[in-house]
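I have placed the structure first, in the form of C-alpha cells, so that the comments after it can refer back to it.
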Amino acid sequence: MSKELIRDKVAKLVKKFDTTDPVKLCMCLDIQCEFHDLGKDTMGFRTEICRISYIALNSRNSNEDNFITICHELGHHVCGHSTNTEFLKHSNLIYVRQGVEYEANTFMVELLTYGVNAAEYMSEEQLLRDCNVPKWAERYVDWNYIKNNADLKSFDSIY
C-alpha cells in the first residue's frame with residue numbers, strides 16, 4: 001500500500017470520527033485495548049478473537065510507548081492486515097522499506113503528524129518532538145508532503 005493511500009485512510013478516519021487520538025479511534029472502531037505483562041521486549045500486538053479486534057499493550061510500557069504502540073497497531077487494523085504480523089518489540093523498532101510493518105509505521109507517523117503545519121515550527125526536530133514521533137520512526141515522515149502543505153499565513157509571524 002502506498003504512502004498516499006495510507007495518508008488518505010488516516011484523513012478519512014480522522015474526518016469521520018473528528019479525532020486524531022488513537023485511543024478514541026479504537027473506541028469508535030470497537031477495538032478492545034487491554035494491558036498485560038508482555039515481558040521486557042514486547043510493546044504490544046493486535047489480534048482478533050471471535051471477530052473482535054483486540055490490541056494488547058504491555059503494562060511495563062511507559063505512557064509514551066503505549067501511545068505509539070496503539071497508533072502502530074491501529075495501523076495494522078485500518079490497513080487490513082492479517083493478525084499474523086510481528087509483535088511490536090523494542091528490538092524491532094527500525095526502519096523497514098516494505099510490507100505490513102512499513103505500512104503500520106507509516107500509518108502511525110501519518111496519524112501523529114496529521115494536520116501539522118510545518119510553518120509553525122522552528123525546525124524539523126521541534127515538529128517531530130511536538131508530534132511525538134519517536135526517533136526510530138523519523139524516516140517514515142514525508143517531509144515533502146508536510147512542507148508543501150505548510151500554511152505560511154496561518155499564524156502571526158515575526159517576519
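Note that the coordinates shown come from a computational prediction; the quantities given were computed from them, not determined experimentally. Atoms considered below: every heavy atom in the structure, side chains included; atoms not considered: hydrogens, waters and symmetry mates.
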Determine the minimum heavy-atom distance between Phe107 and Cys71, stating which atoms define it.
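For Phe107 versus Cys71, the nearest heavy atoms are CD2-O, 3.5 Å.
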Take Asn66 and Asn61 through the side chain to side chain donor-acceptor pair (under 3.5 Å) test and state the conclusion after the steps.
CA-CA 6 Å; Asn66 276 326; Asn61 286 349; 2.8 Å; yes
In terms of hydrophobic clustering (I, L, V, M, F, W, Y; side-chain heavy atoms under 4.5 Å; direct or indirect links), are Ile70 and Tyr114 co-clustered?
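Shared cluster, yes.
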Compare all side-chain heavy atoms of [X] with those of [Y] and state whether any distance is below 4.5 angstrom.
{"X": "Glu64", "Y": "Asn132", "value": "no"}
{"X": "Leu127", "Y": "Trp143", "value": "yes"}
{"X": "Ile31", "Y": "Ile52", "value": "no"}

Check the pair His72, Glu101 against side chain to side chain contact (heavy atoms under 4.5 Å, CB included), reporting the backbone distance first and the verdict last.
CA-CA 9 Å; His72 173 90; Glu101 293 306 311; 3.0 Å; yes
Derivation of the side chain to side chain contact (heavy atoms under 4.5 Å, CB included) call for Glu48 and Tyr54
CA-CA 6 Å; Glu48 286 186 15; Tyr54 173 83; over 6 Å; no
Looking at Asp65 and Arg60, does any basic side-chain N land under 4.0 Å from a carboxylate oxygen?
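No salt bridge links Asp65 with Arg60.
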Taking the inter-plane angle between the rings of His81 and His76 on a 0 to 90° scale, is it parallel (under 30°), tilted (30 to 60°) or perpendicular (over 60°)?
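His81 and His76: perpendicular rings.
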Has Glu103 got a side-chain atom pairing as donor or acceptor with Met1's backbone, closer than 3.5 angstrom?
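Yes, the answer is positive, given that a donor and an acceptor are paired below the 3.5 Å cut-off.
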Passes side chain to side chain contact (heavy atoms under 4.5 Å, CB included), Val14 versus Thr19? Steps please.
CA-CA 5 Å; Val14 169; Thr19 185; over 6 Å; no
Criterion side chain to side chain contact (heavy atoms under 4.5 Å, CB included) on Lys15 and Lys12, from CA distance to verdict:
CA-CA 5 Å; Lys15 288 176 185 170; Lys12 287 177 185 173; 5.9 Å; no
Are side-chain N/O atoms of His36 and Asn58 paired as donor and acceptor at under 3.5 Å?
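No - no donor-acceptor pair under 3.5 Å links their side chains.
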